[in-house]
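Notes follow once the structure below has been shown.
The first residue of the sequence shown is numbered 1, and numbering continues consecutively from there. Each ligand, and each atom within it, is numbered from 1 in the order the structure gives.
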Amino acid sequence: MTMSDTTLIRGAKVLGGAAQDVLITGETVTAVGEGLAAPEGAAVVEAAGHVLLPGLVDLHTHLREPGREDSETVLTGTRAAAAGGYTAVHAMANTFPVADTAGVVEQVWRLGRESGYCDVQPVGAVTVGLEGKQLAELGAMADSAAQVRVFSDDGKCVDDAVIMRRALEYVKAFDGVVAQHAQEPRLTEGAQMNEGTVSGELGLTGWPAVAEESIIARDVLLAAHVGSRVHICHLSTAGSVEIVRWAKSKGWDVTAEVTPHHLLLTDELVRSYDPVYKVNPPLRTEADVLALREALADGTIDCVATDHAPHPHEDKDCEWAAAAMGMVGLETALSVVQHTMVDTGLLDWSGVADRMSARPAAIGRLAGHGRPVAPGEPANLVLVDPAYRGTVNPAGFASRSRNTPYAGRELPGRVVATFLRGRATVMDGKLV
Ligand SMILES: [Zn+2]
């Protein structure tokens, strides 16, 4: 890494368009155009054939600190994020202790600032201890140094309709949003995988689509009723897409995300009994995958969120029923999106910039991220080589955990460089 505070990115396809030069001075993009001269002492990044996007923003990351530093820390998680092209992540609240007070969210926020690899925006819990009984101190978290705007009990569903209604009413005061992990608890007791043909053949307890869809239907109605914003985490079924599409057609303030793994993988993989495929919500069917891709392309689903869920190998390397749910995702998300959305012609690179940067930043009310690549904007950027083809090797991950479903799989694209406010966090494909 150069110590220069000036960088010229030469000949990059900005948002996949025509080749341009982009000049970064200090923390800011200062010029975009053809044939820009490199100022004396500037670092020059030759980027012919590469695509330049705004730095990616994740609405749904489990950084595990405080409490489960054996699986991830804020430092290792933000290094993984930078390696994956991210400049900001929202850290989910299901830590130990739970991020349900101003003190805990400020601690996570401060650890993020100290890491220097990626901005960390804490998500506040909706209820005390994620127990679903009593609203957490939402206002105190919003007013804290962390300025929390996204609230979620993710990992658990806010299943009590009165608590959900109160949370939706409360967050209006500070333009917050409730991000719901939609899982009707009674319908998913003991659930091990998607309920369908495969679960029937394997004799595993099913997680029916209706357990997700019934909560989403209730919550879009509640959000409309109180005039608030609701965000639906990790949509996984075709029926969920239909409900969100209907809610949006009504003009309600409803947004939704999809994970990379739900855009690619199906419940057929569970036949292997490899717990790397155990995740919540579960992998669904091919028809669901195709509906999710189409909905992301047409904007019904607003954004891609990783649900990066690191687990130590002893929690995943065991029999299916005992294994923890979740997959790491920060370092493979962009490649999976290129594979499923760009290389299939469903989304162009400016669409990727919208779904992986601009929209998640807007939903999280995150200033300075998801901005256009233009003079005067913060230099939060990612440079991608879309022609690269490589095999996923978890041994090379920056994350402390290795629970990826893509080990050994060939995926396209590679993050060449990531810039956080003008500073390279990744250069030549390596963390700096
Ligand atoms: Zn969740």
Side-chain angles (χ1 to χ4, degrees), residues 58-64 67-68 71-72 77 89-96 98-100 121-127 129-132 136 150-160 163-164 167 177-185 187-189 191-194 207-216 218-220 230-237 240-241 243-244 254-263 265 275 277-284 288 292 301-311 315-316 323-330 333 360 363-364 401 403 405:
D58 194 11
L59 267 178
H60 195 141
T61 309
H62 296 278
L63 291 179
R64 303 296 191 213
R68 284 308 301 268
S71 51
E72 196 79 287
V89 298
H90 288 73
M92 274 299 172
N94 62 339
T95 48
F96 303 93
V98 171
D100 58 1
Q121 183 57 38
V123 173
V126 175
T127 66
L130 308 177
E131 287 175 354
V150 182
F151 296 88
S152 182
D153 276 2
D154 183 64
K156 289 186 177 173
C157 181
V158 180
D159 65 308
D160 183 314
I163 297 275
M164 187 63 181
V177 63
V178 180
Q180 176 68 293
H181 170 116
Q183 177 181 4
E184 209 292 316
L187 287 170
T188 52
E189 273 174 22
Q192 293 288 324
M193 65 170 298
N194 177 50
W207 196 133
V210 67
E212 174 172 312
E213 294 156 5
S214 58
I215 294 290
I216 296 174
R218 182 200 74 177
D219 287 353
V220 299
V230 70
H231 176 76
I232 311 299
C233 296
H234 41 54
L235 245 68
S236 71
T237 77
S240 296
V241 167
I243 296 163
V244 170
V254 174
T255 56
E257 69 189 33
V258 62
T259 71
H261 46 273
H262 288 112
L263 291 171
L265 308 177
Y277 301 117
K278 188 173 177 183
V279 65
N280 182 353
L283 301 177
R284 304 287 189 184
D288 294 308
L292 293 166
I301 295 177
D302 298 81
C303 61
V304 175
T306 66
D307 197 5
H308 177 79
H311 290 292
D315 289 356
K316 287 298 268 187
M325 290 183 276
M327 305 168 167
V328 292
L330 287 168
I363 292 165
S401 290
N403 50 305

| field | Ser214 side chain vs Val210 backbone, donor-acceptor pair below 3.5 Å | value |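 Here the side-chain-to-backbone pair exists.
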
| query | Between the main-chain N or O of His311 and the side-chain N or O of Arg64, is there a donor-acceptor pair closer than 3.5 Å? | reply |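 No; judged by distance alone, with no hydrogens or angles, the pair does not exist.
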
| Of all residues at least two apart in sequence or in a different chain, which pass the side-chain hydrogen bond (donor to acceptor under 3.5 Å, both in side chains) check with Thr127? |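 Scan of Thr127 (side-chain hydrogen bond (donor to acceptor under 3.5 Å, both in side chains), adjacent residues dropped) gives Asp153.
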
| message | So, of the N/O/S atoms that His181 has, which is the nearest one to the Zn ion (ligand 1)? | response |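 Looking at His181, the N, O or S atom with the least distance to the Zn ion (ligand 1) is ND1.
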
| request: Report the name of the N/O/S atom of Asp154 located nearest to the Zn ion (ligand 1). | output: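 Output for this pair reads OD1.
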
| message | Out of the candidates Glu213, Glu212, His262, only one should pair with Ser236 under the side-chain hydrogen bond (donor to acceptor under 3.5 Å, both in side chains) rule; please name it. | response |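 When side-chain hydrogen bond (donor to acceptor under 3.5 Å, both in side chains) is applied between Ser236 and each of Glu213, Glu212, His262, only Glu212 qualifies.
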
Answer yes or no as to whether an N/O/S atom of [X] is found below 2.8 Å from the Zn ion (ligand 1).
X	answer
Asp307	no
His234	yes
Cys233	no

| Identified side chain to side chain contact (heavy atoms under 4.5 Å, CB included) counterpart of Val158 within the set Leu130, Ile163, Asp219, Ile215 |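 Testing each of Leu130, Ile163, Asp219, Ile215 against Val158, the sole residue satisfying side chain to side chain contact (heavy atoms under 4.5 Å, CB included) is Ile163.
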
